[in-house]
Amino acid sequence: MTNEYIGVLDSGVGGLSILSELYKAMPDKNYIYVGDTKNIPYGTKTPLEVYSYTKDILNYFLKNNVKNVVIACNTTSAVAYDELNKEFKDKLKIFPLIQSIASTAIEGLKDNDIIALLATRATVNSGKYEKEIHKINPKIKVISIDCTGFVEIVENRLYKENKSIELIKTKLDIVKNNNAKRVILGCTHYPYLVDIFKNILNVEYFNPAVSLAKKVKNEINFKGNGEIKFYSTINPDEFKKSAKMFFDIQDDVKLISF
Ligand code: DGL
């Protein structure tokens, strides 16, 4: 048994959709989760800003017995992972989200099939999903939809507001009009909204969390005791409330600053 931890990070509660799958796959590991709610949303920030927020978190992980990090954030994986990995690769093994799951996302699709990506503006602008998918099959058509505003719906629990439903409908209309076969939930906040999506549009929704957890499990080997420490960079009580749908956090969420 060691006191090693897996570091898991996101801008807020979204990454808990990944942590819950990691924990299901590996209940014997220890985890430190950081939700950077002070800087949320990452999706409207510049790549340099996202890089700098995440670098602080990685440095914190380094000082706290973390050897493996799961970037439970599509935006960070899209715009900052390459730089961060260059800098930290001798000290940390980093699992980026998009790069780890692109092949599973298109499993079973054929040439000329259409897949829709729902994601933050930064992820859409990066073109990272298209690049990773086209490395595997350049004939699959990827429709990328900027869903700015969805993260706020989740973090502020605005699921029932008419404005929220209207916004979601306009984005799903694009999916429908393009006849997409499958939708990638390309932001870790969106699995919180998937029941609403399904009520509006009945297509196949791909949540990358299970496939990412499987990959991480195959590559990590230490024995912990299932401990999870939760931190957020502002308003830990709000974080705990918003987290409920994916993680019924029993202990306190602690405030952390870098
Ligand atoms: N949940 C993150 C993602 O997967 C970031 C959302 C945001 O902060 O804009 O992209």
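Numbering of ligands and ligand atoms starts at 1, following listing order. Each residue takes its place number in the sequence, starting with 1. Given the structure is predicted, the values throughout are model-derived calculations rather than measurements.
There is no side-chain donor-acceptor pair under 3.5 Å between S17 and T188. Counted by atom type alone, S11 and D36 present zero donor-acceptor pairs between their side chains at under 3.5 Å. Under the 3.5 Å distance criterion, with hydrogens and angles disregarded, no donor-acceptor pair is assigned to the side chains of Y42 and E49.
Centroid-to-centroid, the aromatic rings of F61 and Y5 stay 6.0 Å apart or farther.
Using a 4.0 Å cut-off between heavy atoms, T120 contacts ligand 1 through its side chain alone, with no backbone atom that close. Heavy atoms from both the backbone and the side chain of T75 come within less than 4.0 Å of ligand 1.
The closest donor-acceptor contact from the side chain of D113 to the backbone of L109 lies at 3.5 Å or more, if one exists at all.
Ion pairing between D28 and K223 holds under the 4.0 Å rule for side-chain N and carboxylate O.
Nearest to atom 7 (C) of ligand 1 among the protein's heavy atoms is Y42 N, 3.3 Å. Protein heavy atom at the shortest distance from atom 2 (C) of ligand 1 is D10 OD1, 3.2 Å. In this structure, atom 5 (C) of ligand 1 lies nearest to the protein heavy atom S11 OG, 3.5 Å. Closest to atom 9 (O) of ligand 1 among all protein heavy atoms lies G43 N, 2.8 Å.
An N or O contact shorter than 3.5 Å is missing between T44 and ligand 1 by distance.
Residue contacts with ligand 1 leave out G14, since none of its heavy atoms falls under 4.0 Å from the ligand.
Each of the atoms 6 (C), 7 (C), 9 (O) of ligand 1 lies under 4.0 Å from some heavy atom of V151. Taking every non-hydrogen atom of I40 and a distance limit under 4.0 Å, the qualifying atoms of ligand 1 come out as 8 (O).
The aromatic rings of Y192 and F246 sit perpendicular to each other, their planes meeting at more than 60°, with 30° as the lower class boundary.
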